[in-house]
Amino acid sequence: MKVRKAVIPIAGLGTRHFPASHAVKKEMFPVVGLDGIARALFHYHLLELEAAGIEEICIIVQPGEDEIVRDYLRGPDDNYIKRLAKYPELLREAEQMRGFAKRVSFAVQREQEGYGHAVFQTKDFAGGEMVLLGLGDHLFRGKPVSPYRELADMAKISGGKSVSAVNRISANELKGYGTIAGARHHENPRLIDVSLIIEKPAIAVAEEKLRVDDLPEQTWLGWFGMHLLAPSIYEILGEMIRDNVRDNGEFQLTRAQEIQRQRHGYLALEMTSAQRFDFGVPDDFVASVRSFRYSA
Ligand code: UTP
């Protein structure tokens, strides 16, 4: 089965980037690519997803923000375009962006009620197909294949189950990520049959319950920031929203993923060479801007 659709949520409040996020939403902060071109952060998701063969992309936004994103992608007026003539690579960029402006679609999250709630807004877009989901305030880069491509390819062998990208994390990172227990597949040890998912586990809980074979001491597998989601996730998120099942006041995707695991089974793919860049808080933003520009 081929994965055709992807979802990028950029509807969060970006509180930790205040006051800068009051001027520009964090997913539109400038980030310089390997080619030296400065683009809005979310723009790289479109480039990476297109390179991964994804045909339809849906961006989750706050009310009114679809126009801001469309405006960015449509590019400047004719006068400005004339000025770009002396920078042919930027002119090409503007053309490519206009193509995206026609192709991307939007889902609106009216209230900022969490990541799971944001994803639920794309139920109609998904239309019963598997979708790729990437964290809007992170970026990903593959060596040599896009991690989006690697994850999408898992649909061919997952038997309809969701698959989450995971990578190795240490004890002090547990507080930041959904973390798994599970058993590796014999024929492909990067693939894991997940037996438990806990969001931001305490170290004692992780030590007791979240083991995966062939990992060094004090090492776990935590969310990398992208998931391949089977359509039943929407049903589960719908139930959670109907029954007002919240964690820390929000509808969390990780809880829905654990319920999906219990009902249908769940897989994880260990990312071994792909890179992840986190732009979610100011200091990580500074470090990621530098490493995204220079670390190929
Ligand atoms: P974060 O967990 O970083 O939340 O979201 P946030 O609201 O953006 O930032 P803070 O905590 O206020 O500083 C991770 C990704 O999920 C999106 C965000 O836009 C970000 O790309 N998100 C989060 C939504 O789309 N909707 C939400 O309700 C929450």
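Please read these numbers as outputs of a predicted model, since none were measured by experiment. Side-chain atoms are counted along with the backbone in the values below, which use heavy atoms only and exclude waters and symmetry mates. Position 1 is the first residue of the sequence, and the numbers go up from there. One-based numbering, in listed order, for ligands and for the atoms of each.
- Closer than 4.0 angstrom to ligand 1 lie heavy atoms from Pro9, Ile10, Ala11, Gly12, Leu13, Gly14, Thr15, Arg16, Lys26, Glu27, Gln109, Gln112, Glu113, Gly114, Tyr115, Ala118, Leu135, Gly136, Asp137.
- Taking the ring centroids of Phe140 and Phe277, they lie at or beyond the 6.0 Å cut-off.
- Ala107 and Gln121 make their closest contact through CB-O, 3.5 Å (heavy atoms, listed as atom of the first residue, atom of the second, distance).
- Taking the side chain as every heavy atom from C-beta outward, Met154 and Leu267 never approach each other to under 4.5 Å.
- By the 4.5 Å heavy-atom criterion applied to side chains, His185 and Asp193 are counted as neighbours.
- Applying the ring-ring contact (aromatic ring centres under 6.0 Å, His included) test to every pair with at least one member in residues 6-51, sequence neighbours left out, gives these pairs: His17-Phe29, His17-Phe285, Phe18-His22, Phe29-Phe285, Phe42-Tyr72, His43-Tyr72, Tyr44-Phe292.
- The NE2 atom of His264 lies 12.0 Å from the CZ atom of Arg261; values are rounded to the nearest 0.5 Å.
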